[in-house]
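All figures in this text were calculated on a predicted structure; none of them were measured in a lab. For the single chain, residues carry numbers from 1 onward in sequence order.
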Amino acid sequence: MSVAGLKKQFYKASQLVSEKVGGAEGTKLDDDFKEMEKKVDVTSKAVAEVLARTIEYLQPNPASRAKLTMLNTVSKIRGQVKNPGYPQSEGLLGECMIRHGKELGGESNFGDALLDAGESMKCLAEVKDSLDIEVKQNFIDPLQNLCDKDLKEIQHHLKKLEGRRLDFDYKKKRQGKIPDEELRQALEKFEESKEVAETSMHNLLETDVEQVSQLSALVDAQLEYHRQAVQILDELASKLKRRMREASSRPKREYKPKPRESFDLGESEQSNGGFPTPKISASSSFRSSDKPIRTPSRSMPPLDQPSCKALYDFEPENDGELGFHEGDIITLTNQIDENWYEGMLHGQSGFFPLSYVEVLVPLPQ
């Protein structure tokens, strides 16, 4: 940094201290400028939070949210990828239904109904993929560009304006001790920065119809998603009702129990106090090997750090999730939101739902 630059930094720091500590009056900006600056600040905060909440609305799962943020929408529009890169919950449900429907077979009414529902759920997943792509391309990306470009540029101009104001006020207080030309240049730079900052804020506030059009695109995408979802579910409901009518009209098959097997109650070793022990044939279903095996309870480690205990088994369905079994003690490392934690178990780190665990030692506030 040049000597002149160092001097200017010293002037600004000195003026700032005199205003903060000594109560010195600085050059006041007009009310219109302050009102414009206030509106820009509110706009900036609104855009940032709406962006975060929109991504959370599309994908409540934190691991999927991370993938959504990195999604290349251009590739999707050009047909270079078939899906956003993460499974939709509707698709996972559909695959589950189809798998069990096939296992039950075509003779099962429930199995056929599961196949119908599974195919519909997979269609819903595809529609949800399209919603995510449309919202990201036409709403999230434009707002993100507004944050990264226009609002960032305005903050740069305002910061530069404040620096030049401090430099001008410092020199104005020492008028007569510094050359008039130096004071005049400081004033010109201050007024130049004010005009640039004011113009950039004005342009942003006057073109907010662009943000309205982006919000309209979000609503259009939601409407199209719900229209297609209603159509898919209407068709599924009709299929299921038709299957119910067909099943009700079929004659019911009468249940005929098979003959019971007799026990051999012949004489045997009387090891139960004099009463004969019945001999059970090998075909009997009462076998000692059928008794459930109880797993030993896990010993609880010392609770000297934030941790929780698993109430149920949790099987991860997405990348980044942490699987565990009932009774596992998980070390808590972070709370993602009101529904998800991040933790470590057996050296593995990942996300898991709060509803599956009981918090033993909470995270520090």
Side-chain angles (χ1 to χ4, degrees), residues 1-55 69 74 136-218:
M1 185 180 291
S2 65
V3 176
L6 287 172
K7 286 174 63 178
K8 187 177 292 186
Q9 292 297 324
F10 172 77
Y11 293 162
K12 290 190 287 187
S14 179
Q15 177 65 23
L16 184 61
V17 170
S18 65
E19 290 179 4
K20 297 291 185 182
V21 179
E25 288 287 336
T27 299
K28 299 294 183 182
L29 297 167
D30 56 83
D31 292 339
D32 289 342
F33 186 94
K34 290 181 178 179
E35 183 65 21
M36 198 180 298
E37 186 179 7
K38 182 179 178 182
K39 289 180 179 179
V40 169
D41 183 57
V42 172
T43 301
S44 178
K45 291 177 180 177
V47 169
E49 185 165 1
V50 167
L51 270 174
R53 296 296 181 185
T54 302
I55 295 175
T69 305
V74 177
K136 187 165 193 305
Q137 182 193 27
N138 299 319
F139 184 69
I140 293 177
D141 285 351
L143 284 186
Q144 190 64 58
N145 184 63
L146 181 67
C147 282
D148 297 341
K149 186 179 178 183
D150 297 346
L151 290 171
K152 190 174 182 180
E153 184 177 324
I154 289 173
Q155 291 303 318
H156 168 73
H157 291 319
L158 289 174
K159 185 177 180 181
K160 191 171 184 179
L161 171 63
E162 178 64 7
R164 288 185 169 180
R165 182 195 68 78
L166 291 170
D167 181 61
F168 168 65
D169 284 343
Y170 178 85
K171 292 175 180 177
K172 185 171 64 173
K173 286 194 308 183
R174 284 153 182 77
Q175 189 173 5
K177 298 180 181 178
I178 61 174
D180 291 342
E181 179 62 21
E182 191 174 339
L183 179 60
R184 186 186 62 80
Q185 289 179 358
L187 176 59
E188 287 180 354
K189 287 183 178 181
F190 166 67
E191 291 178 341
E192 177 189 350
S193 285
K194 180 177 179 295
E195 184 177 348
V196 171
E198 203 165 25
T199 301
S200 60
M201 290 191 295
H202 173 80
N203 291 339
L204 173 71
L205 297 175
E206 287 299 312
T207 57
D208 61 353
V209 67
E210 294 181 11
Q211 284 76 63
V212 178
S213 68
Q214 291 151 11
L215 190 60
S216 177
L218 168 65

### Task
Any chance you could lay out the side-chain contact (heavy atoms from CB on, under 4.5 Å) test for Glu37 and Asp41, step after step, and finish with the verdict?
CA-CA 6 Å; Glu37 186 179 7; Asp41 183 57; 5.8 Å; no

### Message
Is there a side-chain contact (heavy atoms from CB on, under 4.5 Å) between Leu218 and Asn138? Walk through the geometry before answering.
### Response
CA-CA 7 Å; Leu218 168 65; Asn138 299 319; over 6 Å; no

### Task
Evaluate side-chain contact (heavy atoms from CB on, under 4.5 Å) for Arg165 paired with Glu162, printing each intermediate quantity in order.
CA-CA 5 Å; Arg165 182 195 68 78; Glu162 178 64 7; 2.9 Å; yes

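Remark: side-chain polar atoms of Ser216 are not paired, donor with acceptor, to backbone N or O of Val212 under 3.5 angstrom.
Qualifying salt bridge (Lys or Arg N to Asp or Glu O under 4.0 Å) partners for Glu188, counting only residues two or more places apart in sequence or in other chains: Arg184. Under the side chain to side chain contact (heavy atoms under 4.5 Å, CB included) criterion, Glu191 pairs with Leu187, sequence neighbours left out. The salt bridge (Lys or Arg N to Asp or Glu O under 4.0 Å) check on Lys28 picks up Glu25, with sequence neighbours excluded. Scored by the side-chain hydrogen bond (donor to acceptor under 3.5 Å, both in side chains) test, Asp150 finds no partners at all (sequence neighbours excluded). Remark: Asp30 pairs with Asp32, Phe33, Lys194, Glu198 by the side chain to side chain contact (heavy atoms under 4.5 Å, CB included) rule, at least two apart or across chains. Residues forming a salt bridge (Lys or Arg N to Asp or Glu O under 4.0 Å) with Lys160 (at least two apart in sequence, or on another chain): none. Here Gln155 pairs with nothing under the side-chain hydrogen bond (donor to acceptor under 3.5 Å, both in side chains) rule; sequence neighbours left out. Partners of Glu210 according to the side-chain hydrogen bond (donor to acceptor under 3.5 Å, both in side chains) rule, which considers only residues two or more places apart in sequence or in another chain, do not exist here. Here Lys172 pairs with Asp169 under the salt bridge (Lys or Arg N to Asp or Glu O under 4.0 Å) rule; sequence neighbours left out.
Geometric assessment of Arg174 against the ring of Tyr170 yields a positive cation-pi assignment under the 6.0 Å and 45° thresholds.
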Which atom pairs, one a donor and one an acceptor, fall under 3.5 Å between side chains of residues 199-209 and the rest of the protein, sequence neighbours left out?
| from | atom 1 | to | atom 2 | distance (Å) |
| --- | --- | --- | --- | --- |
| Thr199 | OG1 | Glu195 | O | 2.7 |
| Ser200 | OG | Val196 | O | 3.3 |
| Ser200 | OG | Ala197 | O | 2.8 |
| Asn203 | ND2 | Thr199 | O | 3.3 |
| Thr207 | OG1 | Asn203 | O | 2.7 |
| Thr207 | OG1 | Leu204 | O | 3.3 |

